[in-house]
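Working notes, beginning with the structure itself.
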Amino acid sequence: GINAEYMGILSRMRKLRPATERFIQYLKGEINGIKSAGTYKKERVITSPQGMEIIAEGKKVLNFCANNYLGFADNKRIIQAAKKGMDTHGFGMASVRFICGTQDLHKKLEKKISEFHGTEDTILYSSCFDANGGVFEALLGVNDALISDELNHASIIDGIRLCKSKRLRYKHMDMADLERLLIESKDAPNKLIVTDGIFSMDGDIAPLPKIVELANKHDAMIFVDESHATGFIGKTGRGTPQMFGVEKEIDIINSTLGKALGGATGGYTTGHKEVVELIRQRGRPYLFSNSVAPPVANAALEVFELLKDPSHVERLRKNTAQFRQGMTKAGFKILGHQECPIVPVWLGDAKLAGAMAEAMMKFNIYVIGFSYPVVPKGLARIRVQLSAAHTSEQISRAIDAFCKVGKDMKVIHQPKTHSHSKLHACLLYTSPSPRDATLSRMPSSA
């Protein structure tokens, strides 16, 4: 048969109508502009299961950029549960939930998630992006107010755009600005403060105690996206509400099964039963998207059994401390909360971030440079993500590689006085702080 490449050539040979030709030229210009700016994103091909050691671009490398915070993506118990779910309940549902797409597995998983978070009810989606896309429009009206942190995830921002309520943004984790907007919205019948629990591009953790205080003071509700917190933040992995002891103060939690909880697909909204009940009737991503696949649902049930062992959370906490302390001692500019396993290594320049990530691959360390539009222009960084499954030796290798590459690329230089540490002692070249930037912030992703 004719292969796909040949078919592509034949397609290009046919004459395009003028409107299409103009559009193609416009797209080429946009793509070339992205490449010139150093923000073009290439996809590295992985030919192994997701894990700490993977095969990427044909060689074995250490992975330091997955959302695999607990190392569950290739966990044998979870894989076996997925296989069992396929054997007993099939591959897919070929339906949305309300037609013929609800199995006992879905109801069991929703109950398990509610028990985990200490909430009344839960609704599953095919992704947390869908959960964020459906929650606000379904619940709030034109006279209500949504007050959102300016660095909230792209999916939250897109979900808010779909809602007809009054939409306000407060400066990142700026409680004075949040209070100003709460006062401005005092006449709205329903006010919802919207924040990520952990901000995925910066490693910041939302100041939930202060947000709760302001919500109580100004008669508002609280929504928290826990996608980068569920399963590993807090004493037993219940997320940022548990970390701050405010579990009963959060009205709505959205989160994902696609990161720490196995890394497959699926998201959810959990909270008051009336919230969930109304979303089942009005939530467009829920009503018009297929059910979570049976093997994924059954695997997720096994994930919550594994979460009963707190040792995963403790190992991740130790690994986070080792990397953050080692990189800080080496002189790198590290962003985010000291307990957050998302560790942005700030560089500023987009081309530098991309080139440094490529250079790290020569030392068999897989990391990715993040630049516009994932982060604002001028605030490029390499985002490192720790896992409970990383070994201490693997973390040391990553720090060592950062120092070698940083020196070679003239980002850092060795000081005159060497540290007693076995790690390379490095000093970061002085650059403007991202906190001093006045650029408009774009929504984060991934």
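These numbers come from the heavy atoms of this one structure, side chains and all, not from hydrogens, waters or symmetry mates.
Residues satisfying the salt bridge (charged side-chain N to carboxylate O under 4.0 Å, His left out) criterion with K107, sequence neighbours excluded, are E110. Not counting sequence neighbours, Y170 has no partner by the ring-ring contact (aromatic ring centres under 6.0 Å, His included) test. Not counting sequence neighbours, E277 has no partner by the salt bridge (charged side-chain N to carboxylate O under 4.0 Å, His left out) test. The side-chain hydrogen bond (donor to acceptor under 3.5 Å, both in side chains) test applied to D144 returns N190, not counting sequence neighbours. Checked against side-chain contact (heavy atoms from CB on, under 4.5 Å), D104 has the following partners two or more places apart in sequence or in another chain: H89, K108.
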CA sep, side-chain torsions, deciding dist, call: V303, I78, side chain to side chain contact (heavy atoms under 4.5 Å, CB included)
CA-CA 7 Å; V303 168; I78 296 172; 3.5 Å; yes
Residues E21, R17; criterion salt bridge (charged side-chain N to carboxylate O under 4.0 Å, His left out); working and verdict:
CA-CA 6 Å; E21 184 61 43; R17 65 173 63 92; over 6 Å; no
From CA spacing to verdict: side chain to side chain contact (heavy atoms under 4.5 Å, CB included), M327, V345:
CA-CA 9 Å; M327 290 290 281; V345 180; 3.8 Å; yes
Please report the C-alpha distance between D87 and K84 in whole Å, then the side-chain angles of each, then the deciding distance to 0.1 Å, and finally whether the salt bridge (charged side-chain N to carboxylate O under 4.0 Å, His left out) criterion is met.
CA-CA 5 Å; D87 289 340; K84 182 178 178 181; over 6 Å; no
So C340 and R324, side chain to side chain contact (heavy atoms under 4.5 Å, CB included) or not? Walk me through it.
CA-CA 9 Å; C340 185; R324 281 187 169 274; 4.1 Å; yes
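D158 is not listed as a side-chain neighbour of L162, based on a closest heavy-atom distance of 4.5 Å or more. When side chains are defined from C-beta on, L168 counts as touching S185, because their heavy atoms get closer than 4.5 Å. The side-chain heavy atoms of D149 and I156, taken from C-beta on, include no pair separated by under 4.5 Å. Residues I193 and L178 meet the side-chain proximity criterion, which asks for heavy atoms closer than 4.5 Å. Side-chain contact between K166 and I147: absent, with no pair of heavy atoms (C-beta onward) separated by less than 4.5 Å. Contact of the F223 side chain with the I250 side chain is not registered, since no non-hydrogen atoms from C-beta on lie closer than 4.5 Å.
Heavy-atom neighbours of R284 CZ from other residues, nucleotides or ligands within 6.0 Å: at or below the threshold of 12. Within a 6.0 Å sphere centred on NZ of K60, other residues, nucleotides and ligands contribute 12 heavy atoms or fewer.
Two rings, from F199 and H228, have their centers 6.0 Å or more apart. Here Y286 and F98 keep their ring centres 6.0 angstrom or further from each other. In summary, the aromatic rings of H390 and F64 are positioned with their centroids under 6.0 Å apart.
With hydrogens and angles disregarded, a donor-acceptor distance shorter than 3.5 Å links the side chain of Q242 to the backbone of K235.
Applying the salt bridge (charged side-chain N to carboxylate O under 4.0 Å, His left out) rule to pairs touching residues 65-78 yields R77-E302, sequence neighbours excluded.
For G90 against P294, the heavy-atom pair with the smallest separation is O-CB, 3.4 Å. Of all heavy-atom pairs spanning M93 and S291, the tightest one is CG-CB, 4.0 Å. Nearest heavy-atom pair, C65 versus I368, reported as atom, atom and distance to 0.1 Å: SG-CG1, 4.1 Å. G234 approaches R317 most closely through the heavy-atom pair O-NH2, 3.5 Å. Shown here for S227 and C128, the closest heavy-atom pair between the two residues is OG-SG, 3.4 Å.
Cation-pi check for K112 over F304 is not met; the charged atom does not lie both under 6.0 angstrom from the ring centroid and within 45 degrees of its normal.
Of the residues E179, K191, K186, the one that meets the side chain to side chain donor-acceptor pair (under 3.5 Å) test with H218 is E179.
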